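Have a look at the structure below before the remarks.
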Amino acid sequence: DQQVKQNSPSLSVQEGRISILNCDYTNSMFDYFLWYKKYPAEGPTFLISISSIKDKNEDGRFTVFLNKSAKHLSLHIVPSQPGDSAVYFCAASPIIQGAQKLVFGQGTRLTINP
Amino acid sequence: EADIYQTPRYLVIGTGKKITLECSQTMGHDKMYWYQQDPGMELHLIHYSYGVNSTEKGDLSSESTVSRIRTEHFPLTLESARPSHTSQYLCASSEGGRTTNEKLFFGSGTQLSVL
């Protein structure tokens, strides 16, 4: 049973336009959500996060939106740049003390076309 | 950013060999993790540690074992590698404390291929 789902395996966007990556989750115990970016043969790097007490968090070109009632979050990148081409993973963390046991989605491969 | 190092980056070995994947971090983080990832799939937690002498199995069953004798070191060992172990192995760490809202810092990963 996959608790975090990224239903689009790939997305292609024109340079300068907005990229929107989506993520759905099923576990209502998740209270913290993160986006990671991953290049081939590299480890994931942290991009942006959001707590369940917020519905939006912005950091430069990156904005994450959280809709708790729909159990849905999205990552907006604007304007998109060629260096944004990578695989993006959505991750969620439950309300449990102790080790940060993140649950990851399958990833969405974003390609920015010049 | 946290400094977390994995060696080797790539490893090709034959079936039945014993291997150890190294992971070290210099941030003094208490918590360390091993994830396994196949192309197009999610990252699966296979081991984690709260601190020295603490190791726990993750959500995905794995034939590998880990040890945590020093805070900065969290090696993963496969006693007898098989082709089904072919995957990318990612080590991560996070700060200790009671907060649950922590981000993980990942190493560059080890791409393991077992022939």
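Here the structure is a predicted model, which means the values were calculated and not measured. Chain A is the first sequence line, chain B the second, and so forth, proteins listed ahead of strands; every chain is numbered from 1.
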Tell me whether the count of non-hydrogen atoms from other residues, nucleotides or ligands lying under 6.0 Å of CZ in A:R61 goes above 12.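 Yes.
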Do other residues, nucleotides or ligands put more than 12 heavy atoms under 6.0 Å from B:L115 CG?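 Counting other residues, nucleotides and ligands, CG of B:L115 exceeds 12 neighbours.
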Are [Y] and [X] co-members of a hydrophobic cluster defined by side-chain heavy atoms under 4.5 Å apart?
| X | Y | answer |
| --- | --- | --- |
| A:V4 | A:I20 | no |
| A:F65 | A:W35 | no |
| B:Y5 | B:L104 | no |
| B:Y33 | B:V52 | no |
| A:I50 | A:F62 | yes |

Report yes if the side chains of B:K103 and A:Y36 come closer than 4.5 Å at any heavy-atom pair, otherwise no.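 Yes - at least one pair of side-chain heavy atoms lies under 4.5 Å apart.
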Taking the side chain as every heavy atom from C-beta outward, state whether B:M41 and A:Q106 have any pair of such atoms under 4.5 Å apart.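 They are not in side-chain contact.
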Can you tell which of A:A91, A:P9, A:A41 has the highest number of heavy-atom pairs within less than 4.5 Å of chain B?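 Looking at each of A:A91, A:P9, A:A41 in turn, A:A41 comes out on top.
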Hey, what do you get for CG (A:L102) to OH (B:Y35), rounding to the nearest 0.5 Å? 4.5 Å
For the CD atom of A:E42 and the CG atom of B:L90, what is their distance to the nearest 0.5 Å? 10.5 Å
Minimum heavy-atom distance between A:P44 and B:L43, given as atom pair plus value: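 Where A:P44 meets B:L43 most closely, the heavy atoms are CG-CD2, 4.0 Å.
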Kindly give the heavy-atom pair with the smallest separation between B:Q37 and A:F89, and that separation in Å. NE2-CZ, 3.3 Å
Which atoms of B:Q88 approach chain A - backbone, side chain, both or neither, heavy atom under 4.5 Å: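 Interface part for B:Q88: side chain.
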B:M32, B:R9, B:Q6: which one forms the most heavy-atom pairs within less than 4.5 Å of chain A?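 Most pairs with chain A among the choices: B:R9.
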